[in-house]
Amino acid sequence: MKWRIINEGEFSEAMHHAIDEVLTEKMDEGEMQPTLRFWYRKNPSVPMGRFQAFKDEVEVDYAQKKGIEVVRRLTGGGAMFAEPGNVITYSIYIPKDQVPEDFEESYEELDKFAVEALREIGVDAEYAPLNDIEHEDGKLGGAAQLRKDNAVLHHTTMSYDLDTAEMLRVLRIGKEKVSDKAVKSAEKRVSRIKDHADAERREVVEKMIEKFVEDKKHEHDQLKDEEIKRAKEIADKKFSSEEWNKKL
Amino acid sequence: MQKASHKVEDGKMVKIGVDINNEEVEGVEIRGDFFLEPPEKLGEIEEKMKDLDIDSTIEEVAEKVEEVEAELIGFSHRDIGEAFRKAVEEGDEK
């Protein structure tokens, strides 16, 4: 089994989620080799959890004013704020029989290479159940999964150099019952790779890929034209639509 | 709709809205940062919960939700029960 490594492709948030859908489907149908894909974003965005309500999570007026693209994911979990170059996101598409059935175990195992890469560049990261990657200063990132009959989609986003003040303006983090003190503590709970390591974003990604392929046969690849074409259709129909994004 | 949030021990948030009309549960919404497999089952769980009445206990809610074949990850059937009780008893009208 040869892993496919994709470390390119700058797209809108909707497109990235559509690519996730296309590649997860292909994996599920047995039409693709297992794949690791790193994301490159075009614009600031909020990927929110599949079971979250749009208006609960996002400061709608502010997000609109700033042109922040809000997309409801295929996966559960929480809302995040992402800016081009300021976060690191990757997706793993893998046959289900290669993933521990236990969710906690599977999160730990699938993010292990990234945690190890961070540790090697000097960030004391560790896995924190159920789906977080933490530093003692706060949360560095989080993962989410979707399980199909034969495939698992596992995607993880980590803060590289996120504007956490802006994040608090965009997301309604516990706004319902919140004093300034609580907002401050939410800000404090986010930790960023760049706070702990003097490495370019590109270097962090390269280190992660290096750790990932250490024990794997692999090849570097690009998205295929047919994959991008199919993803564009899905992005238009689903991940850019109010019907999907504001369903809940 | 009466809404309440219940925080699960490991940190997930379960937000429930209950539509109550003449002491009857007419609709339920479950939202939050949890995981559910398969995800399509959320609507089925919400539909099932319409069978509950406003006096249903945490246990009874949990049992009702268990009738739907789905895996709850990061929260439990009882958490839905606790959120339901909270929404019925002290939920904010929204």
Side-chain angles (χ1 to χ4, degrees), chain A residues 21 24 28 46-58 72-80 96 99-107 128-132 134 138-139 142-149 151-155 171-178 186 189 244 246-248, chain B residues 1-19 27-50 61 65 68-84 86-87 89-94:
Chain A
E21 181 165 322
T24 304
D28 193 37
V46 173
M48 59 175 225
R50 180 163 188 157
F51 310 111
Q52 294 184 304
F54 195 96
K55 59 185 184 331
D56 282 355
E57 306 304 326
V58 180
R72 186 161 74 99
R73 296 193 301 264
L74 291 167
T75 54
M80 295 169 312
K96 198 179 189 176
V99 176
E101 240 177 86
D102 180 77
F103 285 91
E104 201 170 307
E105 261 178 65
S106 72
Y107 277 105
L130 172 69
N131 55 320
D132 289 345
E134 287 191 350
K139 177 172 162 169
Q145 288 179 6
L146 176 72
R147 296 189 174 209
K148 308 290 274 184
D149 289 340
V152 173
L153 161 67
H154 175 102
H155 51 201
L171 299 180
R172 295 174 50 81
I173 298 176
K175 288 274 166 67
E176 284 129 40
K177 43 184 168 188
V178 169
R189 285 204 313 274
W244 169 261
K246 297 190 178 173
K247 190 172 181 211
L248 301 185
Chain B
M1 180 154 287
Q2 289 177 222
K3 291 188 173 180
S5 299
H6 162 71
K7 199 161 161 61
V8 183
E9 261 186 35
D10 92 319
K12 298 276 174 266
M13 190 67 90
V14 182
K15 299 178 175 184
I16 289 204
V18 185
D19 233 336
V28 176
E29 281 185 353
I30 308 171
R31 304 287 179 264
D33 60 353
F34 49 80
F35 296 91
L36 180 74
E37 291 286 353
E40 293 81 10
K41 293 282 183 176
L42 184 72
E44 213 176 298
I45 292 173
E46 291 173 337
E47 198 57 35
K48 269 264 187 246
M49 287 178 71
K50 286 191 193 167
V61 175
V65 177
V68 177
E69 240 182 90
E71 201 166 355
L72 279 51
I73 305 130
F75 70 133
S76 69
H77 298 89
R78 274 191 70 91
D79 287 313
I80 296 181
E82 286 188 42
F84 176 83
K86 207 166 160 186
E89 284 164 24
E90 50 188 278
D92 300 330
E93 265 318 316
K94 269 181 210 162

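Each chain gets a letter, A, B and so on, in the order the sequences are listed, and its residues count up from 1. Fair warning: this is a prediction, and the values are worked out from it, not measured in the lab.
- By the neighbour-count criterion of 12 heavy atoms within 6.0 Å, atom CD of B:Glu89 is densely surrounded, having more than that number from other residues, nucleotides or ligands.
- Only the side chain of A:Arg50 comes within contact range of chain B, judged by heavy atoms closer than 4.5 Å.
- When each of A:Gly78, A:Gly77, A:Gly76 is scored by its heavy-atom pairs under 4.5 Å with chain B, the top score falls to A:Gly77.
- Proximity to chain B (any heavy atom under 4.5 Å) is shown, for A:Ala79, by neither the backbone nor the side chain.
- Within a 6.0 Å radius of CD in B:Glu40, more than 12 heavy atoms belonging to other residues, nucleotides or ligands are found.
- The distance from atom CG of B:Leu42 to atom CG of A:Leu248, rounded to the nearest 0.5 Å, is 7.0 Å.
- Here CD of B:Glu37 is found 5.0 Å from CZ of A:Phe103. Values are rounded to the nearest 0.5 Å.
- Residues B:Ile73 and A:Glu104 form no side-chain contact, since every pair of their non-hydrogen atoms from C-beta on lies 4.5 Å or further apart.
- Residues satisfying the side-chain hydrogen bond (donor to acceptor under 3.5 Å, both in side chains) test with A:Lys148, not counting sequence neighbours, are none.
- Annotation: residues 28-36 of chain B contacts chain A through B:Ile30, B:Arg31, B:Gly32, B:Asp33, B:Phe34, B:Phe35, B:Leu36 [non-hydrogen atoms, separation under 4.5 Å].
- Residues A:Leu146 and B:Pro39 approach most closely at CD1-CG, 3.6 Å, considering heavy atoms.
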